[in-house]
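Written below as structure tokens is the structure these notes are about.
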Amino acid sequence: MAEAYQDDSAYDKYRTIDDLGGWVRTHGCNELTAADLGKEVCLMGWVQFRRDHGGLIFIDLRDRKGLTQVVYSPEHNAQAHERAHAIRSEYVVAVKGLVRERPDGMINANLTTGEIEVVVDDWKLLNTSQTTPFGIEDRVEASEQLRLKYRYLDLRRPSLARNFVLRNRIAQSVRRYLDEQEFLEVETPVLTKSTPEGARDFLVPSRVNPGNFYALPQSPQLFKQMLMVAGFERYYQVVKCFRDEDLRADRQPEFTQVDMEMSFVDEAQVMGLAEGMVRKIFKETLDRELPDPFPRMTFAEAIRDYGLDKPDIRFGLKLKECTDIVGGSDFRLFATAELVKGMRVPGGGELSRKEIDDLTELVKIYGAKGLAWIKIKEDEWQSPIAKFFSDEEKQGLKERLELEVGDIVFFQAGNPEVVNTALGYLRVRMGERMGLIDKEAFAPLWVTDFPLLEYDVEDKRWVARHHPFTSAQPGQMELLESDPGAALARAYDMVLNGSEIGGGSIRIHTPEQQRAMFKALGISAEEAEAKFGFLIEALQYGAPPHGGIAFGLDRLAMILCGARSIRDVIAFPKTQKATCMLTEAPGAVENKQLRELGVKLREKKKQD
RNA sequence: GGAGCCGUAGUUAAGCUGGUUAUAACGCCGGCCUGUCACGCCGGAGGCCGCGAGUUCGAGUCUCGUCGGCUCCGCCA
């Protein structure tokens, strides 16, 4: 163990830990320049690197802001220099010294403080450090498992620390903007009531009310509507929300929303205000201009052209329906399919058989049975399926898909949902594979006119696509009886580079409409009363028309930071099994605690 | 609930169709070094090959199970 080495060290006598003793830090480690020459300064921080020449000793001192080179010189202070042999990486030191020019040719252009160095008059060892399990450097690639266990060390690495600086700036931008717009930040309860419909709740047993449970909020939805009834008119909150569902690279069980709600507004006003906020964030953090207004697309258009409800519009490769062209073909699979769509990939003729096999595996994940393809060659169509098509059908496909020599075209046929999803994700993959995505680009987009309901195959009933408090577009409530799937909602999502970063709606604000919605969802009057009685009651007391939106702050930060994982913008994230590698949460609790809560654990069937 | 990838010194990796003492780089420890900046040079220590069974004369390597990490499907109003 590293510990053992240090105990044996010849320098242990110098490793006495001092307190600050009245020393005051005068500068950060990125601050000193040639303008500060001759100043007596005091720096405090961590030892990044030690370069011990026997005579001179250099250390790079690191704090949150940067690095400064510190020199221990026997001529300047022999005793300070002698003690400095004991210094190791990540020791915490305070240094008093003189800012002086570096000798000719010794300037380090990579550092903002590269013109100067601090020559030590006196220094204190504020703490030692074990040898760290991984280097505190960006170039060190430790496994994520190890990084999460020693997260406090991982967070010292500049590339990760930078994400939290940016995240803070995003949050500050949000607060400034919404404050200017006269939004009121109001805190809502974290211990609240379980509301069925939607994600699984985290539950908290109530000691005072044995057998009863609080739920942690999936969102402050109902409270913010209450605040509209309260007449607050404009509310926001940067708020933790909780969903007990499986994790993903972009999903954590606790996450942060920028949640907002406004009274006396329609879709256009909410969207205008929300995109103004996102434009301000990009301007203030990355100095990037986003379009004004953001482009818009209906849900139906998104599915038609991109297969997904969160299109990445940084590149083309639009899907084209071909059902009518191949409906009479000899290819049974296509001829009998409810929907046939094709996607032309210019230059895709270069794809190898292996690559196509891999893409076939990709679409199978989304329920596709296989992947049909045609390579357009100079004098023929190279494909397992081209033989089934007549010249007329080929001509039809050529025109519809605008096929040219060198292209590949992929097809999906069958269940519309599978066709769209599979081709939609294949499109994203091909955008990356063909180098069509400008990594510097930010392409925001509104998706509107979502269906109000969607069919839950498992429960065999219609459920709210957004949530049951979303209002229907004018004249659409009647459809709830006749054609529930066709009714459109007053809902909107903000999509950025193929990620959903925010979503909201105009809410139902009359008790009659809210009751009608519950009824359409198959929720009985009694059940609605029991679960949402307080909402319906509140709507009876002069609820103003209102609507809002919530942004996933983590996802937004992730995109702005260019992070691959949401964990890189959350200080202490959970693993895929929802555990914390640092604290080892969740953990067992004492029986006494359980008794107090009136909770009894089920007997374990299997012994350890 | 399901599919896939991964687990070897402190770290990151190599380790072939099973075969002598399990390699390398970085890090660590010691020595030398007065202009380095990922300092350099010399020397050294450091391994339950995730864990448990099995196959075999013999397992880091093959099989099964298990634990852990990651990616994805389901799930996520």
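Residue numbers start from 1 in every chain, and the chains themselves are labelled A, B, ... in the order their sequence lines are given, proteins ahead of strands.
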How many Å lie between [atom1] on [X] and [atom2] on [N], as a whole number?
X: A:Lys574; N: B:C76; atom1: NZ; atom2: P; value: 21 Å
X: A:Leu582; N: B:G69; atom1: CG; atom2: C1'; value: 16 Å
X: A:Tyr425; N: B:C72; atom1: OH; atom2: P; value: 10 Å
X: A:Glu144; N: B:G7; atom1: CD; atom2: C1'; value: 15 Å
X: A:Phe49; N: B:C39; atom1: CZ; atom2: C1'; value: 11 Å
X: A:His85; N: B:G30; atom1: NE2; atom2: P; value: 12 Å

Name the pairing partner of [N], where a pair is Watson-Crick or G-U wobble with both distances under 3.5 Å, or state none.
N: B:C64; value: B:G52
N: B:C75; value: none
N: B:G47; value: none
N: B:C41; value: B:G31
N: B:U21; value: none

What salt bridge (Lys or Arg N to Asp or Glu O under 4.0 Å) pairs are there with at least one residue in residues 101-114 of chain A, not counting sequence neighbours? none
Considering only side-chain heavy atoms of [X], which listed nucleotide, [options], is closest?
X: A:Asp52; options: B:C33, B:G74, B:C72; answer: B:C33
X: A:Asp246; options: B:C29, B:U71, B:G74; answer: B:G74
X: A:Met581; options: B:G35, B:C76, B:G69; answer: B:G69
X: A:Glu117; options: B:C73, B:U36, B:C28; answer: B:U36
X: A:Arg100; options: B:C28, B:G35, B:C76; answer: B:G35
X: A:Gln576; options: B:U36, B:U71, B:G31; answer: B:U71
X: A:Glu245; options: B:C75, B:U36, B:G31; answer: B:C75
X: A:Thr131; options: B:G10, B:C73, B:G27; answer: B:G27
X: A:Thr575; options: B:G69, B:C33, B:C72; answer: B:G69

Within less than 4.0 Å of OP1 or OP2 of [N], is there a side-chain N or O belonging to [X]?
X: A:Arg51; N: B:U36; value: no
X: A:Tyr11; N: B:G31; value: yes
X: A:Ser143; N: B:G69; value: no

On the side chain of [X], is there an atom forming a donor-acceptor pair with the base of [N] - under 3.5 Å, no angle test?
X: A:Arg243; N: B:C76; answer: no
X: A:Arg567; N: B:G69; answer: no
X: A:Arg88; N: B:G27; answer: no
X: A:Gln130; N: B:G10; answer: no

Inter-nucleotide [atom1] distance ([N], [M]), Å rounded:
N: B:G18; M: B:G54; atom1: C1'; result: 15 Å
N: B:G68; M: B:A25; atom1: P; result: 35 Å
N: B:C49; M: B:C33; atom1: C1'; result: 39 Å
N: B:U11; M: B:C28; atom1: C1'; result: 11 Å
N: B:U66; M: B:C6; atom1: C1'; result: 16 Å
N: B:C16; M: B:G50; atom1: P; result: 14 Å
N: B:C67; M: B:U21; atom1: P; result: 35 Å
N: B:A53; M: B:A59; atom1: P; result: 13 Å

A:Glu254 with A:Lys240: basic N within carboxylate O range, under 4.0 Å: yes
Assess whether a salt bridge exists between A:Asp357 and A:Lys354, defined as any Lys/Arg side-chain N lying under 4.0 Å from an Asp/Glu carboxylate O. no
With a non-hydrogen cut-off below 4.0 angstrom, is [X] in contact with a base, only sugar-phosphate, or nothing?
X: A:Leu146; answer: sugar-phosphate
X: A:Pro103; answer: base
X: A:Gln69; answer: base
X: A:Phe134; answer: nothing
X: A:Ser505; answer: nothing
X: A:Tyr366; answer: sugar-phosphate

Return the orientation label for the [X] and [Y] ring planes: parallel under 30°, perpendicular over 60°, tilted otherwise.
X: A:Tyr150; Y: A:Phe134; result: perpendicular
X: A:His509; Y: A:His546; result: perpendicular
X: A:Tyr366; Y: A:Tyr425; result: parallel

Is there a stack between A:His53 and B:U36, judged by ring centres under 5.5 Å and planes under 30°? no
For [X] and [Y], indicate whether the former's side chain and the latter's backbone hold a donor-acceptor pair under 3.5 Å.
X: A:Arg465; Y: A:Glu454; answer: no
X: A:Gln237; Y: A:Thr188; answer: yes
X: A:Arg50; Y: A:Arg88; answer: no

